**Student:** 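Handing you this structure, nothing more for now.
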Amino acid sequence: MNNYNKASDVTALPAWRKLLDHRESMNNFSMRDAFRDDGQRFQDFSLAGCGLFLDYSKNLITHQTRSLLVNLAREAGVEQAAHAMFSGEKINCSEGRPVLHTALRRPVGEPLMVDGRNLMRDVHGALAQMTDVVSRIHSHLWRGYNDKVITDVVNIGIGGSFLGPELVSEALAPFARHGVRCHYLANIDGNEFREVTADLNVETTLFIISSKTFGTLETLKNAHACRSWYLAKGGTEEKLYRHFIAVTSNRQAALDFGIREANVFPMWDWVGGRYSLWSAIGLPIALAIGIANFKELLSGAYAMDQHFLNEPLEQNLPVLLAVLGVWYHNFWGAQSYAFLPYDHNLRNFVKHLQQMDMESNGKSVRRDGTPVSYTTGPVIWGGVGCNGQHAYHQLLHQGTPLIPADFIVPVVSHNPVADHQEWLYANCLSQSQALMRGKTLSEAEAELKAKGLSSSEIERLAPHKVIPGNRPSNTVALEVINPHSLGALIALYEHKVFVQGVIWGVNSFDQWGVELGKELGNSVYNLLTRYDAEPADDSSTQGLIDFFRGRHRG
Ligand code: F6P
């Protein structure tokens, strides 16, 4: 077991104990007062890096809080852990694997030796293979079975083989100038299959079967359905290779499916699914925005990697976001965390972050297998503003739970319409301002008085208008969403999740919890479809099986 994998109990660290005491002393801390008393607060609690700007001044923190939190990261061994990850140590201890999504954005000139092999050759070999296919499709050298140009790509994949590519190809839609539209087919649900294929022309459609394992039920079922669809609509077996590509680490399974050898793109066991958009799993992205832009995405992530590795913890964007999250989660009892991007093109960001964060840190044993005695990964949720303001922000402002939030907002819109961007940006800022300031009883009363209400009406209404305020948020602003800044933004959150995993002492890179559902899924399917099967172990499952069978018999 390497040093990293000997996770100690974080609650025994001196910094944790000091933070507990400090938390007591922060009971009456008021952000409003802090801003009033300290004209430097914004300067002291904001930071720029890799094209991103982080304002973390609207938090329940003082300078002392920051020092203690950074000390916690230091004492938990974040710096050593980062080096262990980047250098290829087997930090995924339950699967005995290195964790090297960072190698996918590393320049070819920086060798990375793991078990005597320079991984950069493999990484850049795959990138060259992607470049070749993308350029053949864009230049119309690669065509469908009857020589029509490829105009649509269907990515068949789920989880990490879907969410990252979908996020990026949609976030970078303004860079899609190559005439290739991306579609995503993820769920084992005929409704989705029908919707995705409804308007497609088989002659001009390319399918990418995207599965690290090539063993995922949903993906394989959809892949077979797409092949049947392709054949039924007029495609030929002989020219199937012009319409089906696979990205997988299970080469043989892809060949057995009927994918031509040259059409199989590699994946490696040292890349986790939720961290794989930087690999050939990102092929739909490259087809949409071009390989040059895809490389820009990688370079943005690489810039964040370097920032994370080299900047002192006090000025380290992912580390600061991570420790602030731990502060609210473990010391203030916050159980969920909201992400509120103010940009339509980032509408799928939360879905990607949900997998990245919750599949990584939704764990209850430490790396050495001992149970944790504190809460780990929070519930991640959210969605685009302003839409959320007219839906769930009410709970952020006046609900009982404390929910820290990250606002994410670009300054420049790719599609300016009148003064919409000014309004969008203003709304983003005013939401974090409202969360921070709130409205006191006397302010509410004064407001009602100014409207001419009677004192009895004021007394009745004012309590409803009180907004507690003092609710924390970060704002991540960027000039514009482009491949470079988006790469940096996604990598920022990857490293934030990593740092939190290190602090909590969990293995952020396995996902055994998902496996039980898969196993039981198989056995329930057997019970559902085989009438001679033994009854289910519990009456609820059996009752619902009977309900299904009753409807299907009818
Ligand atoms: O849901 C579990 C999971 O293993 C994810 O971690 C992964 O991203 C997804 O399934 C898809 O896996 P694959 O790429 O192997 O099809």
Side-chain angles (χ1 to χ4, degrees), residues 91-101 104 126 130 153-169 184-189 192-193 207-227 244-257 259 263-285 348-363 377 380 490 493-494 497-498 501 506-522 525:
I91 65 168
N92 176 352
C93 52
S94 71
E95 296 177 302
R97 296 172 183 168
V99 174
L100 279 170
H101 46 281
L104 300 169
M130 283 172 77
V153 171
V154 178
N155 186 81
I156 309 168
I158 198 163
S161 300
F162 155 51
L163 296 166
E166 182 199 41
L167 157 67
V168 177
S169 61
Y184 291 91
L185 179 56
N187 204 354
I188 189 161
D189 180 336
E192 189 178 326
F193 179 84
F207 294 95
I208 303 175
I209 308 171
S210 197
S211 177
K212 178 177 166 182
T213 54
F214 219 88
T216 302
L217 173 77
E218 296 87 340
T219 302
L220 292 184
K221 286 284 172 192
N222 277 327
H224 283 286
C226 287
R227 183 161 67 182
F244 282 83
I245 281 179
V247 184
T248 186
S249 60
N250 189 351
R251 195 171 186 79
Q252 191 53 51
L255 298 178
D256 293 346
F257 180 89
I259 304 292
N263 285 359
V264 182
F265 288 72
M267 255 287 273
W268 303 277
D269 65 2
W270 39 264
V271 181
R274 50 196 175 273
Y275 300 95
S276 65
L277 71 91
W278 321 99
S279 70
I281 296 284
L283 195 54
I285 304 172
N348 286 311
F349 199 38
V350 180
K351 277 161 60 185
H352 180 59
L353 289 172
Q354 282 177 321
Q355 189 200 13
M356 185 201 288
D357 200 319
M358 292 161 82
E359 201 166 70
S360 296
N361 288 339
K363 310 284 162 67
I380 302 296
I490 298 171
Y493 284 108
E494 287 181 350
V497 168
F498 172 70
V506 299
N507 177 9
S508 302
F509 302 103
D510 59 11
Q511 56 282 323
W512 298 105
V514 181
E515 296 305 319
L516 177 62
K518 287 185 192 170
E519 284 162 27
L520 294 182
N522 286 334
Y525 177 82

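The structure displayed is predicted, hence computed values, not measured ones. Numbering of ligands and ligand atoms starts at 1, following listing order.
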**Student:** Should Q355 be listed as contacting ligand 1, given a heavy-atom distance under 4.0 Å as the test?
**Tutor:** yes
**Student:** Only heavy atoms of V514, strictly under 4.0 Å: list the atoms of ligand 1 that pass.
**Tutor:** 1 (O), 2 (C)
**Student:** When you measure from atom 9 (C) of ligand 1 to every protein heavy atom, which one gives the shortest distance, and what is it?
**Tutor:** I158 O, 3.7 Å
**Student:** State whether the side chain of N222 and the backbone N or O of N187 hold a donor-acceptor pair below 3.5 Å, judged by distance alone.
**Tutor:** yes
**Student:** Check the orientation of H101 and F509. Use parallel for under 30°, tilted for 30 to 60°, and perpendicular for over 60°.
**Tutor:** tilted
**Student:** With rounding to the nearest 0.5 Å, note down the distance linking CG in D357 to CD in E494.
**Tutor:** 11.5 Å
**Student:** Which of the numbered atoms in ligand 1 are below 4.0 angstrom from a heavy atom of T216?
**Tutor:** 12 (O), 13 (P), 15 (O), 16 (O)
**Student:** Quick one: which of K518, R274, K212 has a heavy atom closest to atom 4 (O) of ligand 1?
**Tutor:** K518
**Student:** Going by heavy atoms in the side chains, are M356 and L163 under 4.5 Å from each other?
**Tutor:** no
**Student:** Report the nearest protein non-hydrogen atom to atom 8 (O) of ligand 1: residue, atom name, distance rounded to 0.1 Å.
**Tutor:** G160 N, 2.7 Å
**Student:** Before giving the answer on side chain to side chain contact (heavy atoms under 4.5 Å, CB included), spell out for I490 and F349 the whole-Å C-alpha distance, their side-chain angles and the decisive distance to 0.1 Å.
**Tutor:** CA-CA 9 Å; I490 298 171; F349 199 38; 4.0 Å; yes
**Student:** Can you report which non-hydrogen protein atom sits closest to atom 15 (O) of ligand 1, along with the distance?
**Tutor:** T213 OG1, 2.6 Å
**Student:** In ligand 1, which numbered atoms sit nearer than 4.0 Å to a non-hydrogen atom of G159?
**Tutor:** 8 (O)
**Student:** As an exercise, identify every atom of ligand 1 less than 4.0 angstrom from a heavy atom of S211.
**Tutor:** 13 (P), 14 (O), 15 (O), 16 (O)
**Student:** State, without any angle test, whether N361 and S508 hold a side-chain donor-acceptor pair at a distance under 3.5 Å.
**Tutor:** yes
**Student:** Who's the nearest protein heavy-atom neighbour of atom 5 (C) of ligand 1, and how far?
**Tutor:** E359 OE1, 3.5 Å
**Student:** In this structure, are over 12 heavy atoms from other groups packed under 6.0 Å from K351 atom NZ?
**Tutor:** yes
